[in-house]
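Working notes for the structure below.
Small disclaimer: the values here were computed from a predicted structure and weren't measured. Counting convention: from 1, in listed order, for ligands and their atoms alike. We number each residue from 1, following the sequence as shown.
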Amino acid sequence: MTVENTFAGLALADPILRAIADAGYTTPTPIQAQAIPQVLQGGDLLAAAQTGTGKTAGFTLPILHHLSTRAAQAPKPGRPRCLILVPTRELAAQVEESVKTYGKYLSLTSMVMFGGVNINPQFKALKSRVDILVATPGRLLDHVGQKTVDLSGVEILVLDEADRMLDMGFIRDIKKVLAVLPKTRQNLLFSATFSDEIRTLANGLLHNPKSVEVARRNTTVEVVEQSMHRVPQAHKRDLLAHLIKHHDWQQVLVFTRTKHGANKLAEKLIKDGITAAAIHGNKSQSARTKALASFKDGSVRVLVATDIAARGIDIDQLPQVVNFELPNVPEDYVHRIGRTGRAGATGSALSLVDDEEMGYLRDIEKLIKRSIVRVEIEPGFVPPAKADLMSDERPPRPPQGRGAPRQNNGPRQGQPSRPAQPGSRNASGRAPQGKPAGGAKPAARPAPDRAGANHPAQPRKPRPQAALFSSKPGSRGH
Ligand code: AMP
């Protein structure tokens, strides 16, 4: 290992290196190898990196280095030296957790601040020293307005997931925050995409920035065939069993939102004669390892997993992923379907979407910047009679992340249901040739689009199965 691709080679302070070693990281990720030296030099940075690339440590580590090694004024309560702005509370919590992890041998202090929770504990926390503040824009402005936070001492500003902040309409809030920051400071802007809006923001914010970029992970857009069925939650288990049999899927990874839901679904499939296993946080490590091994060797056709459980395993090149429920965090969708279609192979991701999930669907489509093809359920499926329905069909839903609960409005305005195109794959993930009647039928409105050009009807190559898997418990699952 050369010095350049070790953390020690990046000249970070010793206590930080120790914390990195404790976290089990041996090698900087590409974004870290590029961004850390730039941030350590002190200039502004424009970084193109998505979640999952290790970007958080890419900015957190050099920030901790600066703050712990630079001479500073005596700390004052509620007057941070570094401000990290993020779009969502989940991300805020995650980033602050990283700050704590990597800064555990330093005497710096941090705080996380977001809306939707009682503000009083935040007032209290701001009465103490806070070196690093991780915040969502709205709640931060509340505090600025009430003068409970003092941003005049900010030496380093980070805008993390800037594209999402703009998508979520935070531009005005960001500008208000910028207006109360000291003029001289270091600015770091991280974004997964670079729209004109982001460039405009970057031009106004950054001074002679260095830019770094890492290859986009192989995400949804190019290689994974994505489709969805609108289906009531109560029909989903039967529909899934039907689809597996009808299309003779041999290897399917299914995501559910709850552990209980994962168990119930696996039980139902087994009852219907389909080999299945569930993995989630309540299962012992040995049970999970066993389930995964059986899935790999083909003795179990269906692995039902929660997002958290799936994170610890590296499953490559799966032919079929099913979202039994949509995740409420749109990035989880990208993580889930990134399990298929890797390494240049195409894969198929089918989502079963209940009316109540349409808001999540819209968030996901916004994130991936394309619409997911709505496909009608094939006529061969007979929904279960009422009496057969189990009482606990619907998993408990957290409040929708962004604003008020949404109603189902059907297809978005300007984005009508799109049919599976001739030559494209249908919901089964197969080219529709040869089996027109039994396969999924396109929803209304036959309108040509370019899907056909991207996916010419070709016989599907048989897919190698078990050999493509590798299990790496504890590996970076994102
Ligand atoms: P992020 O893109 O910042 O959300 O990071 C994704 C995941 O990668 C997190 O779970 C980190 O703990 C992990 N991670 C970050 N840097 C490294 C590294 N150098 N080696 C191994 N894992 C890492």
Side-chain angles (χ1 to χ4, degrees), residues 1-13 16-40 45 47-65 82 84-104 110 112 132 134 136 158-165 188-193 212-220 281 306-315 327 329-336 338-339 367 470-478:
M1 199 181 284
T2 59
V3 151
E4 291 77 45
N5 65 7
T6 62
F7 283 102
L10 293 172
L12 291 162
I16 302 174
L17 291 177
R18 269 196 286 144
I20 294 170
D22 288 357
Y25 306 166
T26 51
T27 319
T29 65
I31 190 71
Q32 291 162 2
Q34 293 179 53
I36 292 172
Q38 301 293 353
V39 181
L40 287 177
L45 181 78
Q50 295 175 289
T51 296
T53 54
K55 68 179 169 67
T56 314
F59 61 79
T60 308
L61 298 173
I63 287 173
L64 288 168
H65 179 92
C82 169
I84 304 174
L85 279 181
V86 297
T88 63
R89 56 174 98 171
E90 290 86 5
L91 188 61
Q94 265 176 40
V95 169
E96 204 241 350
E97 200 50 51
S98 298
V99 169
K100 284 204 162 81
T101 304
Y102 308 136
K104 68 183 190 184
S110 61
V112 62
I132 300 170
V134 186
T136 54
V158 182
L159 296 189
D160 191 16
E161 303 205 352
D163 49 346
R164 276 184 80 199
M165 285 204 267
L188 316 176
L189 188 152
F190 282 75
S191 184
T193 56
V212 301
E213 189 171 347
V214 291
R216 287 179 72 83
R217 279 174 316 137
N218 185 5
T219 55
T220 66
T306 56
D307 290 288
I308 305 286
R311 269 184 197 162
I313 51 173
D314 190 3
I315 305 178
V329 178
E331 280 76 11
D332 282 348
Y333 176 86
V334 177
H335 292 155
R336 286 177 177 189
R339 308 266 174 197
L367 177 77
S470 66
S471 166
K472 294 180 195 157
S475 71
R476 298 198 301 129
H478 305 237

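Taking all atoms of both residues into account, the shortest heavy-atom contact from Lys55 to Ala49 is CD-O, 3.7 Å. Nearest approach of Thr60 to Thr56, heavy atoms of both residues: OG1-O, 2.5 Å.
Residue contacts with ligand 1: Pro28 is placed with no nitrogen or oxygen under 3.5 Å of a nitrogen or oxygen of the ligand (distance criterion only). At under 3.5 Å, not a single nitrogen or oxygen of Thr26, backbone or side chain, sits near a nitrogen or oxygen of ligand 1. Between Tyr25 and ligand 1, a contact under 3.5 Å exists for at least one N or O pair.
Side-chain atoms of Ile36 and His65, non-hydrogen and from C-beta on, never get closer than 4.5 Å to each other. Side-chain atoms of Leu91 and Glu331, non-hydrogen and from C-beta on, never get closer than 4.5 Å to each other. Within the 4.5 Å cutoff, no side-chain heavy atoms of Ile132 are placed close to those of Glu96.
Remark: side-chain polar atoms of Gln38 are not paired, donor with acceptor, to backbone N or O of Leu45 under 3.5 angstrom.
The nearest non-hydrogen atom to atom 19 (N) of ligand 1, considering only Thr60, Ile31, Thr27, Thr56, comes from Thr27.
Near Lys55, with a cut-off below 4.0 Å to any heavy atom, the atoms of ligand 1 are 1 (P), 2 (O), 3 (O). The ligand atoms of ligand 1 that sit less than 4.0 angstrom from a heavy atom of Phe7 are 19 (N).
When heavy-atom distances to ligand 1 are checked against a 4.0 Å cut-off, Phe190 has no atom that comes that close, whether in backbone or side chain. With a heavy-atom cut-off of 4.0 Å, Gln32 touches ligand 1 through its side chain alone.
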